[in-house]
Undergrad: 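Input: one structure, supplied below.
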Amino acid sequence: MELAKAYDPKSAEEDHYQRWEKSGFFTPEVNQNPAAPTFSIVIPPPNVTGSLHMGHALQHTLMDVLARWKRMQGYRTLWLPGTDHAGISVQRKVVEQLKKEEHKKPTDIGREEFVRRAWAWKEEYGNTITEQMRREGASVDWSRHRFTMDESLSLAVRNVFCTLHEEGSIYRGLRIVNWCPKDKTVLSDLEVKDEVKKGGQLTYLKYPVIGAGRTITVATTRPETMLGDTAVAVNPSDDRYKDLIGKMIALPLTDREIPIVGDEYVDAEFGTGAVKVTPAHDPNDYQIGQRHDLPHLLVMNDDATMNANAGADFEGLDRFAAREKVVERFEELGLLEKVDEYEVTLPICERCKTVVEPILSEQWFVKMDEMREMALDLMKSEGVPHFSPRIPHEKVYTAWLENLKDWTISRQLWWGHQIPAWYDEKGNVFVACTAEEAYEKAGTRSLTQDPDVLDTWFSSGLWAFSTFGWTGERNADTPVRSFAQGADKSVRVPLSDLDNFLPTDVLVTGRDIIFLWVSRMIMLTRKFTGKKAFEDVVITGTVLGKDGKPMSKSRNNGVDPIEMFDKFGVDATRIYLASIATGADIKWNDIGVETYRNFANKIWNATRFCLMYSETSDFDWATATEDERKLYRKEKGGLTLADRWIDSRAAKTAHALNRALETYQFHEAVSLVYHFFWDDFCDWYIELKKDEITEGNILATTHIFWVLDMALRMLHPFMPYLTEELWLKLPGSSNELHHEAYINAEASIMLAGFPVGNPKWFDDIAEKEMEAVIDAIKKVRNIRAEMNISTAVSFTVHIAAHSYYQKVFVENEAQILKLAKAESLVISDELDVPKASAKAVTDNASIAIPLEGLIDFDKECERLLNQITKLTDEKTRLDGQLSNVNFLERAPAEKVDALRERSVELEHQIQTLKNNLEALS
RNA sequence: GCCGUCUUAGCUCAGUGGUAGAGCACUCGCUUCACACGCGAUAGGUCACAAGUUCAAAUCUUGUAGACGGCACCA
């Protein structure tokens, strides 16, 4: 079979995905084993507004590696894809579109039309990311794709809301909330970020105290809020002010009189020791207001302009303009004490970067107490979820839960799940799953639904179970898609996806949404299904730009995954991403991907070499069991050392690979397959077997295909396209090689069994013998290189060794001659060579090459001295330890023995080298 | 303020009580019939610094310096 000289990822990427998808390989139904265990992952649903970035690519790669690995192991595997309706983001897109195309505001077209357009926007642009996921090779079950506003998911949302409300866990209340004046909606604490702003100011305002003939000074970073002050608070034990408690202040710029109150909250040491109290615009002031029964005076509109309460002079002014004007007026009145430079951290809207205004507002909240305890208990009693990496996430997650406050769930948007609460004309609330129910409850049809929608995270918090058909309906028929698991294969009990796939096995996501999403999904899943959402959570690190900073549009340091796919191939990009240590941040570098692009090419060419000599064997290597193969080889003359060695290496690699993936050590897994394939298989095995193979030795080709097949299977989860492309070309690849669960499906490596790495194939003797051969070859190569001997010059290699290894060298003479480019081999007990020879020692042998006329004596001295120095340094270190009584007494005996043996061995080698050196002079 | 992470070869990063590793770059040599996206051979590190625990520390503890993250507060 002829293969191109270099691997071209494009064609493989185009061919296979469609076929996999069309053949239903991504669905759990492809698994025909009724007793198969299940494996499930739900995708963190990307925003419909999003397009693929490197963080997605990383997470998707890890999820796909797990899904493909488990699928090959015979698990009934489901990786469920979907998208999130992304309330604010979509709303903003539609608003922009409306403005640009029609110069209209949302209120011009009304809610119904706006929502219709949002859906249209979603239909048109919302599947960018799902298309990109196909390119990634993501083995997701598209037939189970979910959207957070799908009918059944929306039903789940309403039912959860109603249940929580019935229990009293959801309530409506007046609170200080984070208000974004640009998006004109409330935000949860988690959607507010801090931004340190230099050049901020702390303004000191003097308030005249009535009847005291003095003023009291308060400091503020938001002078405009003084228009809403309803008190000044001082610490009751503060001698400077305690006489003033109870007195009234004539609040400047207003005609209001406000009291001075004593409150322990006030820190006498900080600022002036007196605090202006604005209960409607500050959470702490609100608390003080509650304690002293102060009125709340809201002085701003929802766009952060001042309202009528601020007075005629200020009404309509933006908050920042009002701020300046307040300061000016105080100065005019002589009541401005001073303005200090002050570094302030401003709360900003995570999405639009507008300064968030704390404002008193009526919103819906979820009490988190019960669910918090559930989640904490799960962690405490079962250690669930198990985070990878555990440090620091387990602790951070637990600490966050312990301090969890009520969750603000209403949002002043039109796009999303409208809150299922209706009001009558008197303002009575009726919470119900449908309008009809609400009418029934209210006994009237003249109700108005709450205009707000729910926080996007409310619906995504149900993702782990709402995606499997859970709607919260009593007596509802949950859709039955999959068939049963169970010990008795004859009994096929139909089970719903919910039964089959919840709890999911693992969640793979970024650390930025542990609180926003992961924690809420854990709590809501536990509460509403009684099950765990997932056992394990893999937290990926951040892929940073080349400058070491997080990728962002403003920094223009982003790297587009699609560009990388085009440049290096999907497989190379995937395996590079998987090679990043779990949870570690990494600076992006193209060279890393290039390494794996080269690796892909190496795999391609190794396979190409094998296929050049793929004579049909009289033995069906492909479908034979490992035992049958061994038996066959034995009958036909047995396995060579190289065969036994590569079998052992392959088994050990597969074994370690499975252990690494079980513990989510993806980078370790990559390292294992990379070095097995390149170092063991290509650099040594192929080279050792080359003659046999090119000569058409059927035993040799049979065995090499067996190893290659195993290597490709191990690589498949990381490099799906390349491995499929090559595997299908292997002689004998067919669905007979599939895992037994997929025996009827069309041939594909993605359904082949994943190598187990049975320890019974570990062969330490073969590895030790092979190493002796490899060491000898390396020493000869070293001599050739350091003596500058052209490969055109051939020479005789003398090897002295114990009889055991003499036998090994004799049996592998052909290989040694070929790889060391030597002409002949002399194997003996003792070296017997002329003075003009270059020499070296290995752990098992002494090596000499007579080089009459070619040897550079100075150089040879240097070589020998170098070797002696290295070994002597090591021996000195060992002997130091061995002469330490404490070491001998306290270190484990086996350690001491090992060191003793090594020391003796080193002494022997050093002595040999010294003799060699003497012989030179 | 509280909690936490990182600092290892020129670069990007693994490792984690018992002789320092990879990829790339560098040096030398190879157009060897799978692959120059390659092959072979070298070189390169007192594992940030200091003290401690230990027979043994890059690995554990404490502190210092630098880089960074989360949470809280911010009159």
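So that the names make sense, note that chain A is the first sequence line, chain B the second, and so on, each numbered from 1. All values derive from a computational prediction rather than experimental measurement.
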Undergrad: Would you mind classifying the nucleic acid contact of A:C682 as base, sugar-phosphate or nothing, using non-hydrogen atoms under 4.0 angstrom?
TA: base
Undergrad: Consider the side chain of A:K690, meaning its heavy atoms from C-beta on, and name the nucleotide among B:A34, B:G18, B:U12 that approaches it most closely.
TA: B:A34
Undergrad: Taking atom types as modelled and ignoring hydrogens, do the side chains of A:D229 and A:Y207 form a donor-acceptor contact shorter than 3.5 angstrom?
TA: yes
Undergrad: Would you mind reading off the distance between A:K587 atom NZ and B:A14 atom P, rounded to a whole angstrom?
TA: 12 Å
Undergrad: Pairing of RNA chain B as dot-bracket, 5' to 3': ( ) intra-strand, [ ] crossing, | other strand, . unpaired, with Watson-Crick or G-U pairs under 3.5 Å?
TA: (((((((..((((....[..))))..((((.......))))......(((((..]....))))))))))))....
Undergrad: Looking only at atom types and distance, does a side-chain atom of A:T653 sit under 3.5 Å from a main-chain N or O of A:L672, one as donor and one as acceptor?
TA: no
Undergrad: At under 4.0 Å between heavy atoms, what does A:L899 touch on the DNA or RNA strands: base, sugar-phosphate, or nothing?
TA: nothing
Undergrad: For A:D194 and A:W588, take the nucleotide of RNA chain B holding the closest heavy atom to each; which residue's nucleotide lies nearer the 5' end?
TA: A:W588
Undergrad: Between B:U27 and B:G10, how far apart are the two C1' atoms, rounded to whole Å?
TA: 14 Å
Undergrad: Nearest to the side chain of A:N284 - B:A34, B:C73, B:A41?
TA: B:C73
Undergrad: Taking only side-chain nitrogens and oxygens of A:Y265, does any of them come within less than 4.0 Å of OP1 or OP2 of B:C74?
TA: yes
Undergrad: Base of B:A41, side chain of A:K778 - is there a donor-acceptor contact under 3.5 Å?
TA: no
Undergrad: Report the nucleotide, chosen from B:A41, B:G18, B:G38, that has the shortest atom-to-atom distance to any side-chain atom of A:N598.
TA: B:G38
Undergrad: Just N and O in the side chain of A:N605: are any of them under 4.0 Å from OP1 or OP2 of B:G38?
TA: no
Undergrad: Less than 3.5 Å apart, any donor N or O on the side chain of A:N284 or A:Y265 sitting next to an acceptor on the other?
TA: yes
Undergrad: Just to be sure I understand the rule, does A:S790 reach a base, reach only the sugar-phosphate, or reach nothing, if contact means heavy atoms closer than 4.0 Å?
TA: nothing
Undergrad: Could A:D897 and A:K895 be called an ion pair, given the rule that one side-chain N must be under 4.0 Å from one carboxylate O?
TA: no
Undergrad: So what does A:A581 hit on the nucleic acid, given a heavy-atom distance under 4.0 Å: a base, only sugar-phosphate, or nothing?
TA: sugar-phosphate
Undergrad: Ignoring hydrogens and angles, does a donor from either the side chain of A:R597 or the base of B:C37 sit under 3.5 Å from an acceptor on the other?
TA: yes
Undergrad: Nearest to the side chain of A:K821 - B:U32, B:A14, B:A34?
TA: B:U32
Undergrad: Check whether the side chains of A:D680 and A:W678 place a donor and an acceptor atom closer than 3.5 Å, and report yes or no.
TA: no
Undergrad: Among B:A14, B:G4, B:U19, which nucleotide has an atom closest to any side-chain atom of A:E874?
TA: B:U19
Undergrad: State whether the distance check finds a donor on one side and an acceptor on the other, under 3.5 Å, for side chain A:T791 versus base B:C30.
TA: no
Undergrad: Figure out the CZ/C1' separation between A:F599 and B:C37, and round it to whole Å.
TA: 13 Å
Undergrad: State whether A:K602 places a side-chain N or O below 4.0 Å from either non-bridging phosphate oxygen (OP1 or OP2) of B:C39.
TA: yes
Undergrad: Rounding to a whole Å, what distance do you find between A:L882:CG and B:A56:C1'?
TA: 12 Å
Undergrad: Side chain of A:Q665, base of B:A14: donor and acceptor closer than 3.5 Å?
TA: no
Undergrad: When the P atoms of B:A65 and B:A25 are considered, how many whole Å apart are they?
TA: 39 Å
Undergrad: Classify the nucleic acid contact of A:E889 as base, sugar-phosphate or nothing, counting any heavy atom under 4.0 Å across all strands shown.
TA: nothing
Undergrad: Students often get this wrong, so: under 4.0 angstrom with heavy atoms, is A:L878 touching a base, only sugar-phosphate, or nothing?
TA: nothing
Undergrad: Send over the distance from A:E687 CD to B:A34 C1', rounded to a whole Å.
TA: 9 Å
Undergrad: Rounded to whole angstrom, note down the P distance from B:U31 over to B:G40.
TA: 15 Å
Undergrad: I'd like to know whether A:E860 forms a salt bridge (Lys or Arg N to Asp or Glu O under 4.0 Å) with A:R863, so could you lay out the CA-CA distance, the side-chain angles of the two residues, the decisive distance to 0.1 Å, and finally the verdict.
TA: CA-CA 5 Å; A:E860 175 63 6; A:R863 273 190 64 248; 2.6 Å; yes
Undergrad: Considering only B:C28, B:U19, B:C24, which nucleotide approaches the side chain of A:T595 most closely?
TA: B:C24
Undergrad: Is it true that A:E786 and A:K859 make a salt bridge, defined as a side-chain N closer than 4.0 Å to a carboxylate O?
TA: no
Undergrad: Roughly how many Å is it from CD1 in A:I586 to P in B:C11, rounded to a whole number?
TA: 15 Å
Undergrad: B:G18 C1' sits how many Å from A:N886 CG, rounded?
TA: 15 Å
Undergrad: Would you tell me if any nitrogen or oxygen in the side chain of A:K870 comes within less than 4.0 Å of OP1 or OP2 on B:A43?
TA: yes
Undergrad: When we call it a touch if two heavy atoms are under 4.0 Å apart, what does A:A584 touch: a base, just sugar-phosphate, or nothing?
TA: sugar-phosphate
Undergrad: If the C1' atom of B:C24 is compared with that of B:G70, how far apart are they to the nearest Å?
TA: 34 Å
Undergrad: What does A:L202 touch in the nucleic acid at a heavy-atom separation under 4.0 angstrom: a base, only the sugar-phosphate, or nothing?
TA: sugar-phosphate
Undergrad: Starting from the 5' end of RNA chain B, give me the residue, A:K276 or A:D683, whose nearest nucleotide shows up first.
TA: A:D683
Undergrad: Tell me which nucleotide among B:G18, B:A41, B:A34 gets nearest to the side chain of A:E786.
TA: B:A41
Undergrad: Taking only the side-chain nitrogens and oxygens of A:H675, find out if one of them lies under 4.0 Å from OP1 or OP2 of B:G23.
TA: no
Undergrad: Report the distance from atom CD1 of A:I789 to atom C1' of B:G40, rounded to the nearest whole Å.
TA: 14 Å
Undergrad: Can you tell me, in whole Å, how much space there is between the P of B:G18 and that of B:U42?
TA: 26 Å
Undergrad: If the C1' atom of B:A14 is compared with that of B:G45, how far apart are they to the nearest Å?
TA: 15 Å
Undergrad: Any side-chain donor paired with an acceptor under 3.5 Å for A:T225 and A:R319?
TA: no
Undergrad: Can you check the A:K859 NZ to B:G29 P distance for me, whole Å?
TA: 10 Å
Undergrad: Counting the benzene-type ring for Trp, do A:F599 and A:Y674 have ring centres under 6.0 Å apart?
TA: yes
Undergrad: Take atom C1' in B:A34 and the same atom in B:U46, then report the distance between them in whole Å.
TA: 44 Å
Undergrad: Are the charged groups of A:R372 and A:D406 less than 4.0 angstrom apart, N to O?
TA: no
Undergrad: Between A:Y576 and A:N589, is any side-chain donor less than 3.5 angstrom from a side-chain acceptor?
TA: yes
Undergrad: Just to be sure I understand the rule, does A:N403 reach a base, reach only the sugar-phosphate, or reach nothing, if contact means heavy atoms closer than 4.0 Å?
TA: nothing
Undergrad: Answer yes or no: does a side-chain N or O of A:W400 lie under 4.0 Å from OP1 or OP2 of B:G4?
TA: no
Undergrad: Classify the side chain of A:K5 versus the base of B:C35 as yes if they form a donor-acceptor pair under 3.5 Å and no if they do not.
TA: no
Undergrad: Taking the cut-offs as 6.0 angstrom to the six-membered ring centre and 45 degrees off its axis, would you call A:K690 and A:F609 a cation-pi pair?
TA: yes
Undergrad: Checking all strands, does A:V266 fall into the base, sugar-phosphate, or nothing category for heavy-atom contacts under 4.0 angstrom?
TA: base
Undergrad: Output yes when at least one side-chain N/O atom of A:Y613 is less than 4.0 Å from OP1 or OP2 of B:A34, else no.
TA: yes
Undergrad: With respect to the side chain of A:K395, which nucleotide from B:G4, B:A34, B:G70 is positioned closest?
TA: B:G4
Undergrad: Roughly how many Å apart are B:A58 and B:U19, using the C1' atom of each and rounding to a whole number?
TA: 13 Å
